[in-house]
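Below you'll find the structure, written out as C-alpha cells, and then a few comments.
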Amino acid sequence: MDKYAFPCDPAANPGAVVSGSNYRFTLINDTVLRYEWSEDGVFEDRASTFALNRNFTPPEYSVNDAAEQLEIITRNIHVTYDKKRFSSSGLAIAFTSKVTLWGADWHYGETVKDNLGGTARTLDEVNGRCDMGDGILSRSGFSIIDDSKTMLFDGNGTVAPRRPGDRIDGYMFCYGHDFKAAMKSFFDISGRQPVLPRWALGNWWSRYHPYTAEEYLQLMDKFAQKDVPLSVAVIDMDWHQVKGDHIPHAGWTGYTWENDLFPDPEAFGSALHDRGLKITLNDHPHAGIHHHEDLYEPMAKALGHDVSKKAPILFNPTEPKFMDVYLNVLHRSLEKETCDFWWIDWQQGPTSRIPGLDPLWLLNYYHFQDSVNQNCQGKGIIFSRYAGPGSHRYPVGFSGDSIVTWESLKFQPEFTATASNIGYGWWSHDIGGHMGGSRDDEMATRWVQFGVFSPIFRLHSSHSQWTSKEPWNYRKESRDTMEAFMKLRHRLMPYLYTMNVNGGHEPLVRPLYWEHPARGEAYEKPNEYFFGSSLVAAPIVEPRNAKTNLARVNVWVPPGRHVDLFTGLVYDGDREAQLFRPLETIPVLAPEGSIIPLNEETSPKNGCKNPVNLEVIIVVGHDGKLTIVEDPADDARPHNIASSDAQESKPREINLVYDQSRGRLCASASTKHWRFRFLSVMSVPSDIKVRIGGSEVSHTSFVDESSSMPGLVVIPRHDKREHVDVEIQIGPDPQLSAVDKRSRVTSWLLAAQIEFELKDKIFAAAVEGSKSVGSRVGSLLSLGLDAEVVGPVLELLTADSR
C-alpha cells in the first residue's frame, strides 16, 4: 500500500514540546498550540486527517514548572495548567489579543464565541440556510479544533483509528485580527490545496437523466453550435445498469455499462475526448459488487472471494486489500474504457466496520491518491463530498442536491465563501438547483451568474423533463445572459488558473473579512466576497423590481476606488452602497491597480486550453502586478498526443507590471498576441507608445463603449509569434474617467415602467441645472419615491465623488 502514501511530517520538533507523564503541549508556531492528555501516557505522532505536519521551528517561549502547576508563556498566549486531566478549572489559556474590549481567555471545554463558520457535509434537502459548523476564524481572535477522534495515517499508505482509552488531542489557534496568519498556519499543518487541472475550472454539464450515447453527443454538439464552451461531461448514475430482475439491490451501485444506452462505451468516451471534454462517472459504492457485474469474477479472483454461491463482494473500505483491488481492478478497467475521474457519491454516513474510520474519508483519501498516481503529472482530482477538516486536500467538493428556490440561491454565496474558513476552497454546487421548487427564469439566470463567479461551475438538474439547464430552454433575455456568462467563464481561464496555482494558502473565494478583519462592514455582507486577488463579486440573489426591471444588492466597497468590471462605473471606496443591475449583469468590482488576464476569444472552445491571444484588463490609478501561470501541457494539441519536451513540464510564467506614474504596462517575454483594455479610460491619449522587443511598433487604439467592459483598447501590431517583451504607454498618471451621468439616467428612465410625469420629475431632480450632488440627492429624496425606484439614480449620483 506504499503507493497510497504521501509526503507529511507529523512528528513535532522536540524543542517545541513541553510534556509530563499524562500531558503534552506542542508549540507548533507563534499561532498554534497543540494540547494533549492521555490516561496511559502514550501520545500520537502519526498524521491525522486534520494534521499532516507538526514539525516547525519552535517559537520563543518560557516555562514555569512547579509541583502542582505548569505555566507556558509565549508572545501571544499564557497557559496555566494543574497537571491533571484537562478541565475547565485546570486548563486555562489567556491571550494578549486586544480584539475585544474585555480581553480574551479560554477554559478547557468552553465553546469559542463568535466563530465565523466552516462548512457542512452536504446541502442535500437544504432549502435555505444550514449549520456550517466551526472554522478556524473567530471574531474573538482564537479558535479550537478537537482532533481527538479523527482517522490516522500510518505513513505507509494505510489508515488506522485512534488508540483506545481516554485521550484528548486539540489545537488552539490564536491570531487576534491576523486572519491570514491563522489560515496560513492551518494550511501549513493540514496541507495546501492541490492545484486543479486547468480543465476543471471550465463549464461542467451534468444532469441526472438516462441519456443514450447518441443523445449525449448530440447535446454536446448543440452546445458547440451555440458557441457555448464546456470542459467536463458528467455522466450520472444511469451509465450503469440500474433496473432489472437480475440486479439484487436498489440499483444505485453499479459497474456494468448499460448497453441499451451505451453500446460502445470506449467509442463514446473517445468521441467526448475528441470534443475537448473530460469525463466523470457517478459511483455509489455502498452496495458492493454483485454477481451480475461484468467485473465480479476478476474482483473475486483478486480478493480470493468464493463465487460458487454468487455471494456479493461487500464494500469494505477499511480493508486495504479491498481498496487496492477496488481501485486497480474495478475502477481501472472502467477508466480504460471511458472515465477521467470519479464522482464519488457517498450518502450513507460516517460508520464503517472499524469505529473511527469514516467511509467517506477512506474513499476520498484512496481515490485521490490513486488519481495522483495515475496522472503522469502528479496531479489528482476527485468529485466527492466534504468529510471534515483536512478535506480540502481532496478536491473537488460536491455539495449535494440543491432545492430549486431563491432561498437556496441566497445561501450559496455565503456558504461558499465561509467554507474557506476551514480551507475548503473548491465547492461545486448544483447550479440552477437540482430538484423541487418551480420554474423561474430570472432565478436560473442569477444562479448561473453566481456559478461563473464561484470555484467550480457545474450546471445540474434532476431527470424531470422540466428542469434541464440548457440555456436555450429559457426565455431570450435569460438565454442570452446565460450563454454570455458561460463564455465569460472560459474567457476568465488565464485569471482562474493563475489563482488556482497560487491558491495553496488562499482559496479563490474568500469572505471580505479575510482582508479586513477589523472592519465591521466586512462581516455584514456575507454574500459579497473576494474572487481571486483582483475582484470583488456581489451576486444578485433576489428578484428584480417590476417597475425598474433592476435587482438590488447591498455591498460594502472596500477601501480604495473600485470599478465595476461590466459597467465601467467608478465607486469611491470604504463605503456601503446599494447597487442596482438589470438581468444582464451583476456587480463585480476591481480596485485600482488590478490586472485581470482573459482569453481574448469571445467564443472560447471546449477544454480550456492555453490561449494564443490574451486580453489584459488594467484598472489605472495605482501600481499593479500579476504573474500569469500556465502549464505547457495545456497547450492546444490533440488529446491523445502528449508533449515530448521535458522542459515543458515547468510552469510558464508571464509577468505583467503596471506603473501608474508613467502609465506603462509591461508584459514579459512570451509568444502571445495581446490586446490591452484600460477599463473605464474613455478617451484616446495622443501620445500612446507601443514597443515589442524594445522597438516601437504601430498599434490600433480606440475607446470601446459598446462592450460589457468599456474602456480604452490598445492592440499592438505584430505578425509573428516571437518570444519578446511588450510595453504599452498611455501617458503619465492616467485616471479613470467619470461616467456621463446624464446619459445613464436617461437610459435607465427610458426602460423604467413608471409614469411619464414621474420620469420628468426624476430627470429634473437628478441631472438638470448646476446643482451640487447633495442638492440633487435632496431633490430626489423629496419626491417621496420607493427606494427601489429612486435607488438606481442615487447609485449613479453618489458612486464617484470626483
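Both backbone and side-chain heavy atoms feed into the values below; hydrogens, waters and symmetry mates do not.
With sequence neighbours excluded, the residues forming a ring-ring contact (aromatic ring centres under 6.0 Å, His included) with W556 are H516, listed by chain and number. With sequence neighbours left out, E506 forms a side chain to side chain donor-acceptor pair (under 3.5 Å) with K180. Every residue two or more places apart in sequence or in another chain that forms a side chain to side chain contact (heavy atoms under 4.5 Å, CB included) with E542 is listed here: K410. With sequence neighbours left out, the side chain to side chain contact (heavy atoms under 4.5 Å, CB included) criterion links E788 to N545, R552, F580. Residues that satisfy the ring-ring contact (aromatic ring centres under 6.0 Å, His included) test with Y495, not counting sequence neighbours, are absent from this structure. Considering only residues two or more places apart in sequence or on other chains, F6 meets the ring-ring contact (aromatic ring centres under 6.0 Å, His included) condition with F153, Y365. Every side chain to side chain donor-acceptor pair (under 3.5 Å) that S408 has, sequence neighbours left out, goes to T405. Residues satisfying the side chain to side chain donor-acceptor pair (under 3.5 Å) criterion with S38, sequence neighbours excluded, are D40, R167. The side chain to side chain contact (heavy atoms under 4.5 Å, CB included) search around A551 returns R446, I540, R544, not counting sequence neighbours. Checked against side chain to side chain contact (heavy atoms under 4.5 Å, CB included), P389 has the following partners two or more places apart in sequence or in another chain: F50, Y386, I422.
With contacts defined as side-chain heavy-atom distances shorter than 4.5 Å, the pair E71/V79 does not qualify. Between M499 and L626, some side-chain heavy-atom pair lies under the 4.5 Å cut-off.
The aromatic ring centres of Y108 and W37 sit 6.0 Å or more apart. Taking the six-membered ring where the residue is Trp, the centroids of H392 and F187 are separated by under 6.0 Å.
Under the 3.5 Å distance criterion, the side-chain polar atoms of Q69 are left unmatched by any main-chain donor or acceptor of A66. Between the side chain of S138 and the backbone N or O of K113, at least one donor-acceptor pair lies under 3.5 Å.
Counting heavy atoms of neighbouring residues, nucleotides and ligands inside a 6.0 Å radius, atom CD of E576 exceeds 12 of them. Around the NE2 atom of H286, the shell of radius 6.0 Å holds no more than 12 heavy atoms that belong to other residues, nucleotides or ligands.
In this structure, D345 pairs ionically with R385, as a charged nitrogen and a carboxylate oxygen lie closer than 4.0 Å.
Contacts classified as salt bridge (Lys or Arg N to Asp or Glu O under 4.0 Å) and involving residues 393-405 (residues at least two apart or in different chains) are not found. For residues 24-33, every residue pair satisfying the salt bridge (Lys or Arg N to Asp or Glu O under 4.0 Å) rule, not counting sequence neighbours, is listed here: R24-E36, R24-D45, D30-R75.
No side-chain N or O of W106 forms a donor-acceptor pair with one of S140 less than 3.5 Å apart.
For the pair D430 and S402, the tightest heavy-atom approach, listed with the atom from each and the gap, is OD2-N, 3.3 Å.
Rounding to the nearest 0.5 angstrom, the gap separating the CG atom in L357 from the OG1 atom in T318 is 6.5 Å.
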Query raised in the report: Can you check ring pair (Phe, Tyr, Trp, His ring centres under 6.0 Å) on F86 and Y81, steps first, answer last?
Result: CA-CA 8 Å; F86 296 155; Y81 170 51; 5.3 Å; yes
